[in-house]
Amino acid sequence: MTPATSLDSLLRVLPEGRVVTDPDVTDSYARDRTFLTPGRALGVVLARTRDDVVATMRWATEHRVPVVPRGAGTGLAGGATAVEGGLLLSLARMTDIRELSPADEIAVVEPGVINADLDRAARAHGLMYAPDPSSYEISTIGGNLATNAGGLRCVKYGVTRDSTLGLEVVLPDGRVLNTGRRTVKGVTGYDLTGLFVGSEGTLGVITAATVRLQRAPAAPPATVAAEFPTLRQAAEAVAAVIAAGCRPSLLELLDRATLKAIDDWRNIGLDPDTAAMLIAQSDTPDGQAVAERMAALFDECGASFVAASSTPQEADELIGVRRMAYEAKERLGACLVEDVCVPRSRLPEMISAIEAAAVRHDVLICTVAHAGDGNLHPVFVFDHGLPEPPPQVWAAADEVFRAALDLGGTLTGEHGVGLLKRRWLDLETGPVGREVQLGIKQVFDPLGIMNPGKAIQN
Amino acid sequence: MTTSVELTWVSALRAGLASDMVHDDADTLERHSRDSAPFSPAGTPAVVVTPETAEQVRHVLRVAHAHGVPVVPQGARTGLAGAANADDGCIVLSLLRMNRILEIDRGNRLVRCEPGVTNRGLSDAVAAHGLFFPPDPASWNDCTIGGNIAVGAGGLCCVKYGVTADYVLGLSVVLADGELVRTGRRTVKGVAGYDLTRLFVGSEGTLGVIVEATLSLRPAPGPSLAMLAQFPSATAAGEAVAAIIGRGHVPSALELMDQVTTRAVADVGHPMLSGDAAATLIVECDDRDPAAEVAAIAELCRTAGAVAVTVAADQEESKRVLDARRLVLPALQRQAASLPGRPTAFIEDVAVPRTRLAEFIDRIALIAAEHDLYISTVGHAGDGNLHPTVVFDQADPSAFARAERAYDAIMEAGLALGGTITGEHGVGILKREWLRRELDPGALRIQQGIKNLLDPEGVLNPGKVLA
């Protein structure tokens with residue numbers, strides 16, 4: 001069967017305008033935020049309803065065509081990259097908030113809802129949607145669920161999984177599956193919800209989610225920032241804050257390379273002796289007092305400069321520095337964004353390992369970290385002109401991955417495996433774990449048409 | 001001949017275990033035949049094994065797998081759904097001797113332990129390091145961490161601190177064929193591969209045998225204060241719960257007792273409790289300023305129509321407030337003792353969305369009246385998770401039948417209100433028929449597929465969860 005005739009039969013089962021085959025349009029749905037070169041897709045389905053997804057998956061099963069589901073394409077691991085001869089299935093137009101119940105503190109949302117839109121809708125009722133990946137203004141809930149996204153707030157409020165109560169999923173054969181529940185607690189049967197969250201579109205297509213909302217803090221958070229002459233001192237300050245039980249709602253670390261990239265771009269007056277910056281927030285009613293305690297701890301750990309914000313504007317400026325980090329790096333070159341996570345106490349060692357890898361392989365690595373979670377994003381910068389990272393970048397990345405695993409950590413804290421990290425996944429899961437993972441894939445997707453080649457090692 | 005076949009696998013079993021780890025005396029077999037669940041059939045095991053290492057557990061599973069002998073993993077048998085009930089001729093695999101705490105890591109706030117450690121043993125051990133393991137099922141003194149993980153146990157403080165699943169970072173699990181798999185990690189976050197850890201949590205021993213767990217901990221909370229409020233109706237109490245949550249309070253316990261329970265506890269004698277109220281709320285707060293918080297909550301209770309509110313001024317009074325909740329079991333035992341025959345108290349476990357709580361309590365009262373039964377309901381109100389308890393004489397066939405019907409009616413009412421048949425006790429044998437009512441057919445098919453994948457020979461706790 002030629003691709004053209006296959007799509008004819010798909011066009012017949014979907015409402016008009018849902019399928020686009022114009023290569024220019026298709027190309028715009030073929031990538032995520034990685035440098036990876038996508039395969040050539042047959043076309044893209046712009047789903048508007050669950051029935052569109054059902055029809056698409058039935059068709060794909062009948063014709064054995066791979067399907068790559070996608071949200072906004074903000075992923076950093078290649079999970080949404082088009083596969084050769086496959087169909088792209090965009091959920092970005094399924095944007096209904098089907099229900100928002102302030103009393104039960106839950107919302108039922110479609111996958112294309114933008115993270116920040118859900119948060120804003122919740123805030124109208126004094127609630128918030130806690131997970132806030134850096135891409136929160138543009139990424140979709142469906143994509144967040146598929147990767148089990150984290151964010152800045154998850155040091156206090158948990159990751160996407162912790163906010164997910166139930167899912168509506170279209171299986172590869174077009175059947176609709178409901179998992180989980182609307183109650184806070186529940187243990188009926190195996191936790192299928194947990195399996196889908198973070199499965200990167202390899203088990204089914206999420207068409208709705210019942211998510212937990214949390215009470216929004218009453219006052220704006222109190223913010224404190226500090227500069228340190230060494231990375232180790234900054235890492236020790238992180239440990240001190242956690243050990244003191246401060247429960248920050250945000251605790252971010254920026255290394256010198258990152259600060260320099262920001263300074264070169266926006267001139268933040270970077271001190272030549274600063275090796276790292278910490279930014280912390282507390283959103284409790286006594287947040288100001290907690291911020292002062294954290295400031296004192298930063299001082300004790302050898303900070304060269306500590307600044308507490310007294311106004312929300314000042315706080316926004318401090319957080320703004322953190323939010324500038326990625327863009328500042330993208331100005332320097334193409335980026336391989338990594339996402340290792342280690343037990344918190346191993347943060348200094350992990351940072352040392354990253355620095356050593358950068359020197360050994362002569363690679364520019366800029367690191368920011370959700371320090372309170374032990375989750376680091378070393379960004380490997382390479383020449384824009386290159387189609388993919390040069391060998392020394394991969395060599396440095398390999399060293400960073402292995403160091404993370406040696407320190408009791410993981411390859412990916414919140415971005416997912418996608419295509420980028422499959423090579424290393426076996427090191428973490430081991431042969432039996434791999435076998436079980438493959439078995440689970442088989443249970444849901446016996447034909448192997450759901451986002452093939454992603455997330456698990458096969 | 002059956003005996004020689006049995007001998008083959010029993011002697012294979014003995015070959016890899018010390019002599020004091022294989023038990024087949026009638027006493028031991030009888031003692032390990034069932035957990036604490038009502039209405040759930042149990043058989044007599046062929047042997048009870050008590051291994052001390054993961055390697056020995058692997059040996060047991062290899063033998064069982066090779067000979068097709070069912071294995072029923074057991075902790076302290078405090079379960080309330082029959083998930084640890086023996087089958088005739090099975091191997092009961094007791095993990096009680098694997099009770100070591102392997103590591104307490106203060107810096108990363110985690111603990112690594114074996115499954116047979118009791119919840120209390122673990123809580124005490126980490127408390128000595130200024131740390132806190134929140135899940136606190138009512139059986140915490142005896143129940144094991146392995147059992148807690150197997151059922152996804154909750155407790156009083158999960159309204160604030162979450163359930164067992166929220167604290168499991170990683171597991172070592174022996175699979176049906178004796179292979180060992182490590183899931184999860186030591187880090188706070190991680191998304192490499194499918195979440196197998198969550199899959200094993202709550203799987204009730206049907207997918208593998210947990211031989212080690214890495215659990216996250218929290219810093220020890222500060223001193224707490226408690227308060228108690230009594231209401232003229234379940235609806236008023238429900239409104240108070242909604243107001244407490246709605247105002248953003250996060251109490252460390254938010255327990256509700258219905259009229260029947262309130263009466264029973266008052267009859268045992270409690271200085272702060274009037275037996276006439278339709279509902280009682282017990283609230284505990286452990287945040288930085290608990291006095292201010294309980295005072296604010298007390299005001300919300302009054303606004304919701306509370307007829308009596310008692311706020312503890314100090315730790316000593318707090319303890320007395322919380323005694324009201326602790327007295328529920330003795331009070332029900334006293335109620336049971338007043339019955340003829342073989343009185344018993346069977347505990348149910350249904351969760352509904354918080355907003356349906358009052359409605360659910362009223363329906364339970366109706367069910368009690370319709371079936372002419374004594375049903376006392378206490379619940380983790382903040383979670384919408386209620387434990388109606390039916391007290392009856394199990395020697396009376398009519399009472400037994402009515403109790404069983406009432407149990408079903410309660411689950412049906414819970415589902416009708418958008419709830420679930422089990423909030424924290426699990427499915428076991430007791431609720432496996434009801435699992436089919438709650439889950440959609442597609443989900444059942446997938447659940448069965450996962451079971452078949454991990455236990456193709458069906459040796460792991462067969463007949464539990466999935467019928």
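Chain naming here is simple, since letters A, B, ... match the order of the sequence lines and numbering starts at 1 in each.
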Name the region of A:N375, side chain, backbone, both or neither, that has any atom closer than 4.5 Å to a heavy atom of chain B.
side chain
With only heavy atoms counted, which part of A:V238 is less than 4.5 Å from chain B, the side chain, the backbone, both or neither?
neither
Considering only heavy atoms, which portion of A:T147 lies under 4.5 Å from any heavy atom of chain B: side chain, backbone, both, or neither?
backbone
Please state whether the side chain, the backbone, both or neither of B:E179 comes within less than 4.5 Å of a heavy atom of chain A.
side chain
Is A:R247 in contact with chain B via its backbone, its side chain, both, or neither, using a 4.5 Å heavy-atom distance?
side chain
Is it the case that the side chains of A:N144 and A:T160 hold a donor-acceptor pair, with the cut-off being a distance below 3.5 Å and no angle test?
no
At a heavy-atom separation under 4.5 Å, does A:R161 approach chain B through its side chain, its backbone, both, or neither?
side chain
Geometric class of the A:H415/A:H377 ring pair [parallel <30°, tilted 30-60°, perpendicular >60°]
parallel
A:T179, part contacting chain B, at a heavy-atom distance under 4.5 Å:
neither
Measure distances from B:L444 to the heavy atoms of chain A and classify the residue's part below 4.5 Å as side chain, backbone, both or neither.
neither
Which answer fits B:V151, side chain, backbone, both or neither, if we ask what part of it has an atom under 4.5 Å from a heavy atom of chain A?
backbone
Enumerate the salt bridge (Lys or Arg N to Asp or Glu O under 4.0 Å) contacts for residues 163-178 of chain B, please, sequence neighbours excluded, ordered by first and then second residue.
B:D166-B:R198
Interface moiety of A:V159 toward chain B, non-hydrogen atoms closer than 4.5 Å
side chain
Do B:R58 side-chain atoms and B:G178 backbone N/O form a donor-acceptor pair below 3.5 Å?
yes
Please classify the contact of B:A192 with chain A as side chain, backbone, both or neither, using a heavy-atom distance under 4.5 Å.
both
For A:H370, is it the side chain, the backbone, both or neither that has a heavy atom under 4.5 Å from a heavy atom of chain B?
side chain
Does a side chain donor of either B:N148 or B:T164 reach within less than 3.5 Å of an acceptor in the other side chain?
no
Which bit of B:R445 comes within less than 4.5 Å of chain A, counting heavy atoms only: side chain, backbone, both or neither?
side chain
Check each atom of A:D173 against the heavy atoms of chain B and say whether the ones under 4.5 Å are side chain, backbone, both or neither.
side chain
If I measure from the heavy atoms of chain A, does B:T183 come under 4.5 Å with its side chain, its backbone, both, or neither?
neither
Among residues 428-442 of chain B, those lying within the under-4.5 Å heavy-atom range of chain A are B:L435, B:E438, B:L439, B:D440, B:G442
Using a cut-off of under 4.5 Å for heavy-atom pairs, which of B:V201, B:L169, B:V159, B:T206 has the most such pairs with chain A?
B:T206
With only heavy atoms counted, which part of A:L407 is less than 4.5 Å from chain B, the side chain, the backbone, both or neither?
neither
Is the backbone of A:P217 close enough, under 3.5 Å, to the side chain of A:D283 for a donor and an acceptor to pair up by distance?
no
Report which part of A:K421 has an atom under 4.5 Å of a heavy atom belonging to chain B: side chain, backbone, both, or neither.
neither
Side chain, backbone, both or neither: which part of A:E428 has a heavy atom under 4.5 Å from chain B?
side chain
What part of A:D162 lies closer than 4.5 angstrom to a heavy atom of chain B: side chain, backbone, both or neither?
side chain
Side chains of B:P219 and B:F132, heavy atoms from C-beta outward: is any pair under 4.5 Å?
no
So for A:L425, is it side chain, backbone, both, or neither that comes closer than 4.5 Å to the heavy atoms of chain B?
side chain
Step-by-step ring pair (Phe, Tyr, Trp, His ring centres under 6.0 Å) determination, B:Y161 to B:Y167
CA-CA 9 Å; B:Y161 294 107; B:Y167 291 88; 7.8 Å; no
